[in-house]
Amino acid sequence: MPEGHTVHRLARDHRRDLRGRPLAASSPQGRFTEGATRIDGAVAERFEAWGKHEFAFLSTGEVLHVHLGLIGKWARHRSPAPAPVGEIRLRLEGGEHAWDLSGPAICALATPEEAQARVDRLGPDPLRRDADPDRFVTRVRRSAAPIGVLLLDQSVIAGVGNVYRAEVLWHLGLHPARAGRTIDAGTLQAMWDWLAHQLRLGVRRNRIVTVDRAELDKPFREIRRGEGVAVYHQERCRRCRGRFTTLEVAGRRIEACLTCQT
DNA sequence: CGATTATGATTAA
DNA sequence: TAATCCTAATCGC
């Protein structure tokens, strides 16, 4: 579910639904009861997304830190919220809406210093206005590691996941195993620009659609998971019509066109 | 109905 | 590289 665009979109939606009013917090599943008790009655003053991490700064001085991991989800309900379904780690109720969190890799209360320490370990996030692309370019240019590994390393660039990785490498004609230091700075800048643009579109649409509008046969809102992509879990290259090869890079599956990606 | 899979990441070996 | 964590949907038999 979550690459950076999802988390930034959630922060935006949480801001709209939950900011500036006392929260009712609970842990229906029971695995975050202590934390929920400390949140209950507090006001969330600020929501921030950094890469795939989300932080809610609370009036108590504590920070709620959430990372969805591979399978985490937030579900939105209109108030009054229905009885929780499934393993709901945390329910946050604002005025009009409630949000249910399930399956997070991280759901914890932290100090502002601990939250900042997390952020400090991340590379630049193309979805943040103050992000510095040169940090990304320099880091990749200094590395002998495959670009397919570097793109998933959150200390190199924050927010990119397995889908955007496959898509951007194909769009730029780069093989996933290509060593970072063999890619010229101009190409890396283009990679950053493409990712920044696509991640922004991802936030707006709340889904990953990298295929041009003209090539789609239906409106964005009807595009389902896996339908709007050119590469990820696809069979054939849209450029040369050849079959994609499935590789494993950084322990994750990735398709690549061995003709178009060198 | 058990096995597999998933847009993630850390820890152990 | 492998094992592990978290949860739910989908797949194969």
Side-chain angles (χ1 to χ4, degrees), chain A residues 1-11 27-33 35-36 49-55 64-76 84-91 99-108 110 114 117-123 125-127 145-146 148-171 176-177 194-196 198-211 220 223-234 244 246-256:
Chain A
M1 173 112 198
E3 298 195 22
H5 69 295
T6 305
V7 180
H8 279 259
R9 173 59 180 254
L10 282 164
S27 180
Q29 172 203 56
R31 295 184 57 166
F32 191 55
T33 304
W50 282 92
K52 298 170 189 170
H53 298 260
E54 184 184 1
F55 302 96
L64 172 65
H65 175 204
V66 173
H67 189 295
L68 294 176
L70 186 58
I71 59 177
K73 286 179 172 51
W74 281 102
R76 183 177 190 245
V85 176
E87 298 290 312
I88 305 304
R89 184 80 57 89
L90 173 64
R91 168 172 279 185
W99 287 82
D100 285 354
L101 173 65
S102 69
I106 298 172
C107 171
E114 288 165 340
R118 269 298 168 162
V119 169
D120 289 343
R121 275 182 264 137
L122 296 173
D125 174 352
L127 285 174
V149 169
L150 295 170
L151 282 171
L152 289 188
D153 182 338
Q154 302 298 300
S155 73
V156 173
I157 182 169
V160 175
N162 206 24
V163 176
Y164 283 116
R165 170 179 79 155
E167 300 296 313
V168 74
L169 289 176
W170 179 80
H171 275 274
W194 190 92
L195 286 167
Q198 290 294 332
L199 283 161
R200 281 206 171 82
L201 290 178
V203 174
R204 188 183 312 158
R205 299 168 177 163
N206 210 7
R207 52 177 48 83
I208 302 177
V209 181
T210 61
V211 172
F220 288 126
I223 299 286
R224 319 183 54 167
R225 241 171 130 67
E227 284 185 336
V229 291
V231 188
Y232 178 76
H233 284 205
Q234 300 303 298
F244 281 128
T246 300
L247 309 169
E248 193 165 307
V249 179
R252 312 287 303 279
R253 165 179 173 170
I254 182 172
E255 285 73 31

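A, B, ... follow the sequence lines: proteins, then strands. Residue 1 opens every chain.
Put simply, Arg31(A) has a side-chain N or O that comes within less than 4.0 Å of OP1 or OP2 on dC6(C). Phosphate contact (OP1/OP2 of dA9(B), side-chain N/O of Lys52(A), threshold under 4.0 Å): present. Contact check, Gln29(A) against dT7(C): a side-chain N or O comes under 4.0 Å of OP1 or OP2.
Salt-bridge formation is not detected for the pair Lys52(A)/Glu54(A): no Lys NZ or Arg NE/NH1/NH2 atom is positioned less than 4.0 Å from an Asp or Glu carboxylate oxygen.
Taking the C1' atoms as reference points, dA8(C) lies 22 Å from dT10(B), given to the whole Å. Taking atom P in both dA9(B) and dA9(C), the straight-line distance is 22 Å, to the nearest Å. Straight-line distance between the P atoms of dA2(C) and dT4(B): roughly 16 Å, to the nearest whole Å.
Base pairing of dA12(B) is made with dT1(C), judged by Watson-Crick or G-U wobble geometry with both donor-acceptor distances under 3.5 Å.
Of the candidate nucleotides dG8(B), dT7(C), dA6(B), dG8(B) has the atom nearest to the side chain of Glu3(A). Comparing atom distances between the Arg118(A) side chain and each of dA6(B), dC6(C), dT10(B) picks out dT10(B) as nearest.
If you take CH2 on Trp74(A) and CD1 on Ile88(A), they are separated by 10.0 Å, rounding to the nearest 0.5 Å.
One can place CG of Leu101(A) at 11 Å from C1' of dC6(C), the figure rounded to the nearest angstrom. As rounded to whole Å, 13 Å separates atom C1' of dT4(B) from atom NE2 of His233(A).
For the pair Ile208(A)/Tyr164(A), a side-chain contact is recorded, criterion being any heavy-atom separation below 4.5 Å from C-beta on.
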